[in-house]
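In each ligand, atom 1 is the first atom listed, and ligand 1 is the first ligand listed.
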Amino acid sequence: MSIQRRDFLKALGAAGFGTVAALPGCATTGGGAGGKVVVIGGGYGGATAAKYIRMWSDGGVDVTVVEPSPEFISCPLSNLVIGGSKQIGDVTVSYDNLPKRHGVKILRDTATSVDPEKRTVKLASGQELAYDRLILSPGIDFMWDKVPSLNNADAQGKILHAWKAGAQTVALRNQLVAMPDGGVYAISIPVAPYRCPPGPYERACQVAWYFKRAKPKSKVLILDGNGDVTSKGPLFKKAWAEEYKGIVEYRPNHVLTDVDVATRTAKFEVQDSVKADVLNILPPQRAGAIARSAGVVTANDRWCDVDFLTFESVKVKNVHILGDAIQIATGMPKSGHMANQHAKVCAAAVIALLSGQAPNPTPVLSNTCYSFITDREVVHVCSVHQYDKEKKTLLPVAGAGGVSPAANELEGGYAFSWAQNIWADTLA
Ligand SMILES: Cc1cc2nc3c(=O)[nH]c(=O)nc-3n(C[C@H](O)[C@H](O)[C@H](O)COP(=O)(O)OP(=O)(O)OC[C@H]3O[C@@H](n4cnc5c(N)ncnc54)[C@H](O)[C@@H]3O)c2cc1C
């Protein structure tokens, strides 16, 4: 799928993706910045940072993105592919405009190690890249040691997560299509924090939407490691009680300990084991592995603490971290929208630092997460996050956010526009 010019123009007009933080920084830092920036990961955080550093430095800063995937495949909307109302092509966007329109260099490769002393990155191909500033946006990796029987490639090919959009998204859809009517789909949710708090509940709705039409005797079991639904709880529970009555069952406090791959059985710390026809396991998560090599994993051996004015690591100089990999501030979700906002604050700060200026001291970020209840009815949650000088962190602005009153089609339209706009903002 290609991004059209009109989508790009729409994105420029979209209020939602500007950061109050980034714009003043940009206005004061654009001219004169030079130097080399390497970005590891061309997802929601990395691709946005790369594009905006090029734009806001008037092409002065040399930017190279290292990303193994030939195309950008979006996790947002990927639950609709699992439900069957969208195809994987509908959530796939080309990287072509980043080099063509913005002069971003893209290397289709994987970063294997970082030497923060020498300021170099080694790639799987053997190439070595030097940087003045390094930006890591590697997303998440799974803590397979917490689900021992899945700690091998064969098992991971059978019991899917589909929590990184792509081949697994399609494979999970195929498992659902192959499942006979009367079967059980079970999804295991890890204890928070994990990527996209409402995502697992949206997925349960999308699978139920499919079952209701194609396999009405089938069931959706939500096996949640948390004590309650972690996001938009009343709205999801209403959908399960009404729209998906008799199909969806929600079970809290199900902390997974392992699975039996052959019988597709999930095992828990306290609760009874559950056998399913399609078992979908979301293992506990942590920052993408390259963060470890860079030495920036500082919180609970999982996430990376950053200075929220620059997104620079609190531990390793000249290395910035964005998106799901960071140790979040209070009330901040691990979302694509948030990664986009991190990227813009970071882009402005990197340009400022490369030209010897101070970064903007008062960043403000916003977030909106839409969840599809049916193929077109949607609920949202939104929030605004402002830098607090005394506490040196981003704090939610009281009264500035909110949730939908109920699922509705109008917001379905907004959600599809949100996706088109953020893909254009990131990649066009
Ligand atoms: C089912 C689902 C639904 C979601 N829905 C929404 C939604 O509606 N709204 C929303 O805002 N968010 C949503 N999210 C969350 C969103 O996808 C993530 O928060 C977002 O992708 C985080 O951006 P990121 O840049 O941190 O990571 P990613 O976007 O995952 O990008 C990481 C990139 O880094 C690359 N990479 C990793 N390691 C290396 C390496 N060593 N070398 C080179 N490249 C590397 C990967 O290939 C990948 O492309 C959803 C997530 C899921 C799973």
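Heavy-atom separations between Met338 and ligand 1 are all 4.0 Å or longer. Under a 4.0 Å heavy-atom criterion, Gly288 is not in contact with ligand 1. Using a 4.0 Å cutoff on heavy atoms, Ser69 does not count as a contact of ligand 1. Contact annotation: Trp418 has at least one heavy atom less than 4.0 Å from an atom of ligand 1. For Cys75, the heavy-atom gap to ligand 1 drops under 4.0 angstrom.
Contacts of Asn79 with ligand 1, taken as heavy-atom pairs under 4.0 Å, involve the side chain alone.
The heavy atom nearest to atom 42 (N) of ligand 1, out of those in Ala124, Cys196, Ala111, is found in Ala111. Which of Ala49, Ser137, Gly41 comes nearest to atom 32 (C) of ligand 1 through a heavy atom is settled by distance: it is Ser137. Counting only non-hydrogen atoms, the option in Arg195, His380, Arg108 that gets closest to atom 30 (O) of ligand 1 is Arg195.
Taking 4.0 Å as the cut-off between side-chain N and carboxylate O, Lys219 and Asp277 do not count as a salt-bridged pair.
Judged purely by distance below 3.5 Å, without hydrogens or angles, the side chains of Tyr414 and Thr368 never pair a donor atom with an acceptor atom.
Evaluation of the side chain to side chain contact (heavy atoms under 4.5 Å, CB included) rule for Lys215 yields Met179, Asp181, Tyr210, Phe211, Ser218 as partners, not counting sequence neighbours.
In terms of protein heavy-atom proximity, atom 16 (C) of ligand 1 is nearest to Gly336 N, 3.4 Å.
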